[in-house]
Amino acid sequence: MFKNMKLGMKIGGGFAILLAMLAISSVIAYVQFESLQTKTQKATKLGADNALMLEREIDHLKWAATLGNLLLDDNVAASDIITDSHKCALGKWYDGDQRKQMERDNPELVEIFRALKEPHERLHESAGEIKEKYPDFDEHLQSLLAQHWVEHLNWFNALSYSLQTQRVFELSVDAGKSDFGKWYGEYRAADSEFGRLLGKWGEPYKKLYLSGAEIVAAQNSGDYAKAHEIFQAKTLPAQNELSACYQEAMDWIRAENKNIEAAKQIFQTKTHKALNEVSALLSRASGALSAKVRKATEEMNSRIAAATILVSALALMALVVGSLLAWYITASITRPINRTIAEMSAGSHQTAVAAEQVSSSSQSLAEGAAEQAASIEETSASLEEMSAMTRQNANNSQQANDLARQARKNAEKGNAEMTKMTCAIEDIRNASEETSKIIKTIDEIAFQTNLLALNAAVEAARAGEAGKGFAVVAEEVRNLAQRSAEAAKNTSDLIEGSVKYTEQGVAIALAVAESLREITNGVCKVDELIAEVTAASNEQSQGIEQINTAVTQMDKITQQNASTAEQSAAASEELSAQAENMLRMVEELVAVIGGQSADNDFTPRTTARLAAPSCTAFKEEPESPKINDNEAEAFIPLDSDEALSEF
Amino acid sequence: MSGKESESVVAATTDRAGKYLTFGLAKEDYGLEILKVREIIGMIDITLVPLTPEYFKGVINLRGKVIPVVDLRMKFGMESSEQTAQTCIIVVDVNGVEMGVVVDRVLEVLDITGEDIEDAPSFGADVNTEYIRGIGKTEGKVTILLDIDGVLSSEEIEAISDKVN
């Protein structure tokens, strides 16, 4: 079935089978991957959920860390703490669709999530409590304030010491330029209460520094007493006022520090417990999800392994079938092409040889044409003679016609005479028969006479001596009787002969009459034939004239033939060159089909086969038309790599 | 008269020379003593007589006399032949009884001398030598001279004559 297909059908069919197999394996792979993808999506979803759980856990750990930091780190503000259980990351997620989706996907988590709600709320409640307790100020504020206070006291002591020693106060008296002043100018209290308390400091501080400036002015003028007065009058009250303010602020700070402890207590007891519960629940959820993820991953792996085996098997099968098909199609294409090439190659050899023969034949044809031209001239002369002879024939046939008519008349006359002769012969025969009867009678008489004579002799013998004379007579009588019998017998023979001849004569006369009738008929036919001959001669005469014109044309054509033969000789040389070209092309084709090494596989066999039905002209050639490899290479440069490279 | 005749016949017999009527039977020529011959007639109608031997052809009416006729070919054990124009009946006198003998042809009356007659040889001829008087030599031919009395024995003759008469 495959053998009878067209080339396109073969290749198309092969590809169709391969494509069909590819489509089947693709569909199977697609189905496999589709289910795999579903599995993967499921596993991914579970993984994502798991990650989400962890994230939520981490979120809350972060949240707890922030809460812890609030208690430890000054930089963390209480406002950063999320106290609403619905606003934290876990709460948002818990209230959102994501949780419901997860519960739908994983029913075992529902209980965990339900349990989660209560400790989570407690956690945030505890945070709220902490936030309520926890003052919004810097924990190190006490020490900072004490430090700056010490600095200020140093400045004040230095001032009082300068008064005691009666030396000029060397430190800055500008309120904004002292260390304490700088801090105070820059510090902005977070707590409003503390701010209010700190705000009270401004007035005495200003007064203090102004008094300081006055003291320095007095010292510079050398009026140490005045400086002392100023110190007593202005500086000390300001200092006392400032000191009261400091005590007030420190008392407030101490009160606040107690709240911090309470908040820490709450964190330790409530928050930590709730956080642990939340973490445990989330860990449980995460663990459940992790188990599911593991299971899904295992399923996925097994499915992947199965799909891999199936797809590999299909691919292998496709590979095998494809290879077989490719081999078969290639073979079915290349084999006939190889055959064709072989025959083409042989044909080209034959063509080359034939072209040479055509060349020589054309030359001999040209010579022949010249000879033919001469012959045609001779023919023309002969035709004129024939024309004259034909005319003479026409005349002669006319005379022959007259003679034939005369002959017919004579034959008819002869026929009539023959009839008369037949009658005469019949009469003669009758007469002979009559005579024959008479002769028979005579013969009988002779016989009787002979008997009588014998009887007489017997009687004479009886008579003895007396009958001697009678015996002689009887003897004589008997002799006579015998003679007469003999004569009768001779006559009878003669008459029988004449009767026989007469009968022959009658037969001959009949034959002659028949012959004469045939002659008459023949003469009639001759008459007709001669008329036809006359007509034919006339036609012949016309025909010869036509032949004459034809011969003239033939003469022209012969000359044309001569030139044509020369042209065909040239053309045959061209043909020879083309045949060699064709051989070279065939070699290229061989190289294309079978590679460089395959070019000698078929040439000798096919050449031998094709050489068998060669014409007689081929047989006259001294060299055999069979061409082996070497001769073929001699004909065409088979290993013409250089020639090919020129292409 | 008949006694005289028989004496002369005996004398002729003892002396075998004399006149013979020769006739042909098949290829051979035979001779009869002329004195035994009564008459020679051409072939005439023969009346068949029943209950007779085969060689006895029948009887003829010769001028009012009934004569028995014997076919000599049959008698000699030859094949009988067609009757021809030359077939004749020779009427012979056998011991005083006239009998017709059918022969193929009658030849002539020959006078044979004693030197020309020899005894019959003991064998080699178509017929029994008892019926042969001798062998006549004539003109290069051989003629068998028959003893007609021997040929037609008296018993047979009497038997036939009795039947006829």
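Computed from a predicted model, the values in this text were never measured in an experiment. Below, all heavy atoms of this structure are taken into account, side chains as well, without hydrogens, waters or symmetry copies.
Counting non-hydrogen atoms of neighbouring residues, nucleotides and ligands closer than 6.0 angstrom, the CD atom of A:Glu486 reaches no more than 12 such neighbours. Dense packing is recorded around CZ of B:Arg105, with more than 12 heavy atoms of other residues, nucleotides or ligands lying under 6.0 Å away. Residue B:Asp45 qualifies as open at atom CG: its count of foreign heavy atoms under 6.0 Å is 12 or below. Enclosure of atom CE in A:Met389 is not indicated, since only 12 or fewer non-hydrogen atoms of other residues, nucleotides or ligands lie within 6.0 angstrom.
Nearest heavy-atom pair across A:Phe447 and B:Cys88 is CZ-SG, 3.6 Å. What you find for B:Arg38 and A:Val458 is that their closest heavy atoms are O-CG1, 4.3 Å.
With values rounded to the nearest 0.5 angstrom, A:Leu451 atom CG is found 6.5 Å from B:Ile40 atom CD1. For the atom pair A:Asn479 CG and B:Glu108 CD, the distance stands at 9.5 Å (nearest 0.5 Å). How far CG of A:Leu452 is from CD1 of B:Ile41: 12.0 Å, rounded to the nearest 0.5 Å.
Residue contact with chain B, scored on non-hydrogen atoms closer than 4.5 Å, involves the side chain of A:Glu459 exclusively. At a 4.5 Å heavy-atom cutoff, the contact between B:Ile34 and chain A is made by backbone and side-chain atoms alike.
Residue-level contacts of residues 494-523 of chain A with chain B do not occur; threshold 4.5 Å between heavy atoms.
Chain A forms more heavy-atom pairs under 4.5 Å with one residue of B:Val109, B:Leu21, B:Val37 than with any other, namely B:Val37.
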